[in-house]
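We're numbering straight along the sequence, starting at 1. Counting convention: from 1, in listed order, for ligands and their atoms alike.
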Amino acid sequence: MRAARLTAPGTLELVDVPVPTAGPGEVLLGVGAVGACHSDLHILDAPGGFPTPITLGHEIAGRVEALGPGVTGWTPGEAAAVYGIIGCGHCRACLRGLENQCRTVPVGGIGISRDGGLADYVVVPASHLLKIGDLEMTQAAPLTDAGLTPYHAIELSRPSLRPGTCCVVIGIGGLGHMAIRILAATTAVTVVAVDSNEEALALASRMGAQHTVRAGQDAVDQIRRIVGPPPDGADVVLDFVGVDSTLTLARSVVSAGGQLMLVGLGGGGLTLQTGAGPVPVPLETTARIPFWGTRAELQEVVALAQQGLVKAEVHAFPLTDVVEVYDKLRRGEIHGRAVLVP
Ligand code: NAD
Ligand code: ZN
Ligand code: ZN
């Protein structure tokens, strides 16, 4: 079969590999669609630290092809979305259903610490499959990360997302545009979308953002005119970029008592400082680094999609285009989510 593999740090190649076999408790899935996540670019850019060779692709939907020994509850041909996080299953966090906080496996995932879905077939633990009924594969795949991760961040900040409050969303790409859709579907907050790209901002408006602001010098002033000046501001800021400039913007427009959700893994830093310093974060503000989400939350995101309340802006490409698609993602030419179809 074909598989897009990280063969060395920085190198993604479409190669031929044997079709894997499902072991005990596992399922062989025929891949229907896989989302191209910006995290894959971070993995590609990491100077080692990830196992090689490994098939990337952690946003997967497909059809059951074969069941490994001991698997029940699935029949060949059934459609499924894949919950991508691999926790140890035994630690205090995993036992509470918080595999995204596993105390044993730091960042375990299908397509991250074991072979993923950028291939014709992928083997996954049966426990990681969720039934999706007749949802389109290209819609279901992005739900498992581009949908789930913002949903989780929104769930964590939901107590602050009161009707009439403001939420600033920074970075309207794969995750950010889904965040706006989910906010529109499940809250009555005013959404202020921020991006450096005009097309991304146009997408934000289509997804339901009431205001759009181009990232840049006067962005803070523009946003403050909408959300109010400090100590007023946005009750929640979701940063899907996570570089120094967006973190500075985030802390400059969050309200006292507000919530900063630092989802983007851009490598920026946020200084939390007490007293009157040069980089104040408003009093009572909470900063959190959410990671992916829980299995239960994925089921809820799938339910939102099945009810037609959440729909990704999808650009589908054949798997043979995989290298070019990641180049496009890196150049900022994908608005919404690119998915690869084997
Ligand atoms: P994407 O490439 O689809 O979108 C990024 C968006 O940010 C683009 O619209 C781009 O124009 C915009 N942007 C880039 N730099 C900007 C800046 N300085 N100011 C304003 N806008 C800017 O990326 P994605 O797939 O949505 O992923 C977003 C981030 O979230 C990545 O860092 C990714 O690794 C991370 N991520 C985190 C988790 C988690 O669990 N914490 C999960 C998935 C992805
Ligand atoms: Zn991802
Ligand atoms: Zn664990």
For [atom], which protein heavy atom lies nearest, and how many Å away is it?
{"atom": "atom 24 (P) of ligand 1", "result": "His38 CB, 3.6 Å"}
{"atom": "atom 31 (C) of ligand 1", "result": "His42 NE2, 3.6 Å"}
{"atom": "atom 3 (O) of ligand 1", "result": "Gly174 N, 2.9 Å"}
{"atom": "atom 15 (N) of ligand 1", "result": "Val241 CG1, 3.6 Å"}
{"atom": "atom 5 (C) of ligand 1", "result": "Gly173 CA, 4.2 Å"}
{"atom": "atom 28 (C) of ligand 1", "result": "Phe240 O, 3.1 Å"}
{"atom": "atom 39 (C) of ligand 1", "result": "Thr149 CG2, 3.7 Å"}
{"atom": "atom 11 (O) of ligand 1", "result": "Asp195 OD1, 2.6 Å"}

Measure from the side-chain N and O atoms of [X] to the backbone N and O of [Y], and report whether any donor-acceptor pair falls under 3.5 Å.
{"X": "Arg181", "Y": "Met207", "value": "yes"}
{"X": "Glu59", "Y": "Ala146", "value": "yes"}
{"X": "Glu99", "Y": "Cys94", "value": "no"}
{"X": "Arg5", "Y": "Glu13", "value": "no"}

Taking [Y] as the starting point, is it possible to reach [X] by hopping between hydrophobic residues whose side chains are less than 4.5 Å apart?
{"X": "Trp292", "Y": "Ile86", "result": "yes"}
{"X": "Val263", "Y": "Leu265", "result": "no"}
{"X": "Leu201", "Y": "Leu329", "result": "no"}

Of Asp239, Val213, Val263, Ile289, which has the heavy atom at the shortest distance from atom 37 (C) of ligand 1?
Val263
Looking at the Zn ion (ligand 2), is one of the N, O or S atoms of His58 less than 2.8 Å from it?
yes
Looking only at side chains, do Arg158 and Thr186 share a donor and an acceptor under 3.5 Å apart?
yes
Does the N or O separation between [X] and ligand 1 drop below 3.5 Å for any pair?
{"X": "Leu175", "value": "yes"}
{"X": "Val243", "value": "no"}
{"X": "Asp145", "value": "no"}

With heavy-atom distances below 4.0 Å as the criterion, list the atoms of ligand 1 near [X].
{"X": "Ile172", "value": "9 (O)"}
{"X": "Ser39", "value": "33 (C), 34 (O), 35 (C), 36 (N), 43 (C), 44 (C)"}
{"X": "Leu329", "value": "2 (O), 3 (O)"}
{"X": "Ala215", "value": "19 (N), 20 (C)"}
{"X": "Trp292", "value": "39 (C), 40 (O)"}
{"X": "Arg337", "value": "24 (P), 25 (O)"}
{"X": "Phe291", "value": "40 (O)"}
{"X": "Pro290", "value": "39 (C), 40 (O), 41 (N)"}

Assess the residue pair Glu297 and His152 against the criterion (side chain to side chain donor-acceptor pair (under 3.5 Å)); give the C-alpha distance rounded to whole Å, side-chain angles, the decisive distance to 0.1 Å, and a yes or no.
CA-CA 7 Å; Glu297 287 166 343; His152 174 62; 2.8 Å; yes
Do the charged groups of Glu199 and Arg206 touch, with an N to O distance under 4.0 Å?
no
Pairing of Lys131 and Glu78 as salt bridge, 4.0 angstrom limit:
yes
Any N/O/S atom from Cys88 (main chain or side chain) under 2.8 Å of the Zn ion (ligand 3)?
yes
Specify whether Tyr83 and His128 have parallel, tilted or perpendicular ring planes, treating 30° as the upper limit for parallel and 60° as the lower limit for perpendicular.
tilted
If the Zn ion (ligand 3) is the vertex, what is the angle to SG of Cys94 and SG of Cys102, rounded to 10 degrees?
110°
Quick check: of its N, O or S atoms, which one does Asp145 have closest to the Zn ion (ligand 2)?
OD2
More than 12 heavy atoms from other groups under 6.0 Å of CG on Leu309:
yes
Around atom CZ of Arg288, are there more than 12 heavy atoms of other residues, nucleotides or ligands at under 6.0 Å?
no
Heavy atom under 4.0 Å from ligand 1: found in Ile334's side chain, backbone, both, or neither?
neither
Nearest heavy-atom approach of Ser255 to Asp235 is OG-CA, 3.7 Å
State if Ser196 counts as touching ligand 1 under the rule of any non-hydrogen atom under 4.0 Å.
yes
